[in-house]
Amino acid sequence: MGSQRRHLFVWWWATLLLAGFFCPRCDGSCPEQGLEKREEEARIVLTGTVEEIMNMDPVHNTYSCKVRVWRYLKGKTVVNGDILLDGGNKVMIGGFGDPGICDNRVATGDTRIFFLNVAAEWPAHKNELMLNSSLMRITLRNLEDVEHCVEGGIHTQEFLAVRK
């Protein structure tokens, strides 16, 4: 029995070491701004589901996605007719894979909270929205936290302190 425990222990440590070696951002080396700052810098905040991945750039390892919009938390009036696709319930979002954004990779079917800006300064991304900061998973708590930031209520740090 002692031999099995030793093997399990060695396997566990080897797994941790390999994960650290092959996952450079798993060590927390990607600094993320606070939620309130991320919300302030984004003109558009929405929830949506990735329906299609397209426009892969093999040089920069970036890509765009067609996203079905479920709800605008901020900036619905900023999204005009040229940006809306397929009857107005989808948008094209670029900037996935950008090394300047921590959590920015998705797969088809992923539903997330997106912090976005209009891609006006990038002609190659005309009529697209661009990721402004990391994606957030959709949980009740995350939705409540983002809504409180958007509403301009109490500051995020105060809000989170009250929730603890």
Side-chain angles (χ1 to χ4, degrees), residues 14-150 156-157 160:
T15 302
L16 285 176
L17 288 173
L18 286 172
F21 181 74
F22 289 110
C23 184
R25 289 196 175 165
C26 291
D27 64 356
S29 65
C30 188
E32 183 67 77
Q33 294 180 335
L35 179 57
E36 187 174 74
K37 183 78 170 159
R38 292 168 57 199
E39 180 273 324
E40 285 174 7
E41 291 180 354
R43 292 192 62 205
I44 303 151
V45 180
L46 59 84
T47 63
T49 301
V50 175
E51 290 203 339
E52 188 176 353
I53 296 173
M54 47 202 337
N55 302 332
M56 301 284 285
D57 180 342
V59 174
H60 298 103
N61 291 321
T62 58
Y63 54 98
S64 300
C65 294
K66 187 183 283 190
V67 174
R68 175 180 298 279
V69 177
W70 297 114
R71 180 176 171 205
Y72 288 93
L73 300 167
K74 174 182 176 181
K76 182 175 182 171
T77 58
V78 175
V79 182
N80 63 34
D82 294 335
I83 295 174
L84 295 171
L85 306 171
D86 298 344
N89 63 347
K90 295 179 187 171
V91 294
M92 187 67 68
I93 300 175
F96 295 95
D98 181 341
I101 299 174
C102 294
D103 182 7
N104 64 12
R105 300 201 181 271
V106 290
T108 303
D110 286 352
T111 301
R112 298 284 188 268
I113 301 171
F114 298 87
F115 297 85
L116 309 164
N117 282 316
V118 178
E121 64 246 27
W122 297 284
H125 297 279
K126 186 179 180 192
N127 297 331
E128 275 190 29
L129 302 175
M130 293 295 282
L131 285 180
N132 191 57
S133 66
S134 291
L135 305 165
M136 283 183 82
R137 294 197 181 276
I138 297 215
T139 66
L140 182 57
R141 183 176 189 133
N142 285 349
L143 283 169
E144 288 175 347
D145 291 350
V146 173
E147 285 174 343
H148 276 83
C149 286
V150 169
T156 307
Q157 290 79 14
L160 294 175

Quick one: are [X] and [Y] in side-chain contact, heavy atoms under 4.5 Å?
X    : Y    : result
L143 : T47  : yes
V79  : I44  : yes
V118 : L129 : yes
V45  : F114 : no
M56  : M54  : no

Only one of T62, V106, N104, D98 clears side chain to side chain contact (heavy atoms under 4.5 Å, CB included) with L131; which?
N104
So if I apply the side chain to side chain contact (heavy atoms under 4.5 Å, CB included) rule between E41 and each of K37, R38, R43, which one comes out positive?
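Passing option: K37.
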Can you tell me which residue pairs pass the salt bridge (Lys or Arg N to Asp or Glu O under 4.0 Å) test with a partner in residues 60-69, sequence neighbours excluded?
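Listed once each, the pairs are E51-R68, K66-D86.
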With sequence neighbours left out, what residues match [X] under side-chain hydrogen bond (donor to acceptor under 3.5 Å, both in side chains)?
X   : result
D57 : H60
E32 : S134
T49 : W70, T111
R71 : E147

Under the ring-ring contact (aromatic ring centres under 6.0 Å, His included) definition, can you give me all pairs with a residue in residues 72-105, not counting sequence neighbours?
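Listed by first then second residue: Y63-F96.
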Rounded to the nearest 0.5 angstrom, the CE-CZ distance for M136 and F115 is 5.5 Å
Distance from I93 atom CD1 to L116 atom CG, nearest 0.5 Å?
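Rounded to the nearest 0.5 Å, the CD1-CG separation comes out at 4.5 Å.
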Only counting residues at least two apart or in another chain, list the ones meeting salt bridge (Lys or Arg N to Asp or Glu O under 4.0 Å) with D110.
R112
Considering all heavy atoms, the nearest [X]-[Y] contact:
X    : Y    : result
L35  : C149 : CG-SG, 3.9 Å
R137 : I113 : O-CD1, 4.1 Å
I53  : C65  : CG1-SG, 3.7 Å
S133 : I101 : C-CG2, 3.5 Å
L85  : V91  : CD1-C, 3.9 Å
S64  : M92  : CB-SD, 4.0 Å

If you look only at pairs with a residue in residues 73-85, which of them pass as a side-chain hydrogen bond (donor to acceptor under 3.5 Å, both in side chains), with sequence neighbours excluded?
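Sorted result for residues 73-85: E39-K74.
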Judged by modelled atom types alone, do N117 and N132 share a side-chain donor-acceptor pair under 3.5 Å?
yes
Kindly write out the residues that satisfy side chain to side chain contact (heavy atoms under 4.5 Å, CB included) with T139, not counting sequence neighbours, or none if the list is empty.
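T139 satisfies side chain to side chain contact (heavy atoms under 4.5 Å, CB included) with R141, N142 only.
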